[in-house]
Amino acid sequence: MDPAEAEFLAEKELVTVIPNFSLDRIYLIGGDLGPFNPGLPVEVPLWLAVNLKQRQKCRLIPPEWMDAEKLEEIRDQERKEDTFTPMPSPYYMELTKLLLNYASDSIPKADEIRTLVKDTWDTRLAKLRLSADSFVRQQEAHAKLDNLTLMEINTTGTFLTQALDHMYKLRTNLQPGESAQSQDF
């Protein structure tokens, strides 16, 4: 899975918008949305919120966790702990990217939030690299990584699977087997 696919999945997350138009309930395969009344908050998937925002049909309300003080606490907690701490959303990175790209005017302290999320992301990826390095050095057969998001797994997944594949090939070539014969005739 590539980052675009993870972002696509994140677009199903619900966010709150305040529409400036009237529309009855919309019946979609994924569920019903609305009704939309001017000034009354309504939850919609992120893909619709971005679309409405681009057409200037709504004001977007950032998720509760997208607050500089809360993100600072999350970042500090992530730096203190040796293990991965739970994130406020399984798609925190994708949501932040999309919301700040399309609705930064609706988000107070947008630049600070961008920096805090990036700091948290960098801390988590550094932990993930250290965990992978330790995993490979100790020649473990499996690992348990709780509280990782899909995007974080995708970031290191390809590298880690290739590294493990190479390790497996090296181990099997070093062990004497039935097919290990001399080439001397």
> Linking I/L/V/M/F/W/Y whenever their side-chain heavy atoms sit closer than 4.5 Å, directly or via other members, would Leu125 and Leu130 fall into one cluster?
Replying inline: no
Listed by chain and number, what are the side chain to side chain donor-acceptor pair (under 3.5 Å) partners of [X], not counting sequence neighbours?
X	result
Thr85	Glu78
Glu81	Gln77
Asn154	none

> Any idea which heavy atoms bring Ile153 and Leu148 closest together, and the distance?
Replying inline: CG1-CB, 3.9 Å
> How is the hydrophobic cluster of Leu40 composed, in terms of its other members, when Ile, Leu, Val, Met, Phe, Trp and Tyr link through side-chain heavy atoms under 4.5 Å apart, directly or indirectly?
Replying inline: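 Under the 4.5 Å side-chain rule, Leu40 groups with nothing.
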Compile the donor-acceptor pairs under 3.5 Å between side chains in residues 57-76 and protein atoms, sequence neighbours left out, one pair per line.
from, atom 1, to, atom 2, distance (Å)
Asp67, OD2, Glu69, N, 3.3
Asp67, OD2, Lys70, N, 3.3
Glu69, OE2, Lys109, NZ, 3.2

> Once you round to the nearest 0.5 Å, how far does CD1 of Ile107 lie from CZ of Arg114?
Replying inline: 8.5 Å
For residues 18-27, run the donor-acceptor check on the side chains, cut-off 3.5 Å, and write out each pair with its distance to 0.1 Å, sequence neighbours left out.
from, atom 1, to, atom 2, distance (Å)
Asn20, ND2, Gln56, O, 3.1
Arg25, NH1, Gly34, O, 3.3
Arg25, NH2, Gly34, O, 3.4

> Who passes side-chain contact (heavy atoms from CB on, under 4.5 Å) against Thr149, sequence neighbours left out?
Replying inline: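 Only Met87, Tyr92, Met151, Glu152 meet the side-chain contact (heavy atoms from CB on, under 4.5 Å) criterion with Thr149.
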With sequence neighbours excluded, tell me which residues meet salt bridge (charged side-chain N to carboxylate O under 4.0 Å, His left out) with [X].
X	result
Asp146	Lys144
Asp122	Lys118
Asp105	Lys53

>> Test your reading of the model: is there a side-chain donor-acceptor pair from Thr172 to the backbone of Lys169, 3.5 Å cut-off?
In response: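 Yes: the side chain of Thr172 pairs with the backbone of Lys169.
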Using a 3.5 Å cut-off and no angle test, enumerate the donor-acceptor pairs between side-chain atoms of residues 3-17 and protein atoms at least two apart in sequence or in another chain.
from, atom 1, to, atom 2, distance (Å)
Glu5, OE1, Asp2, N, 2.8
Glu7, OE1, Lys97, NZ, 2.8

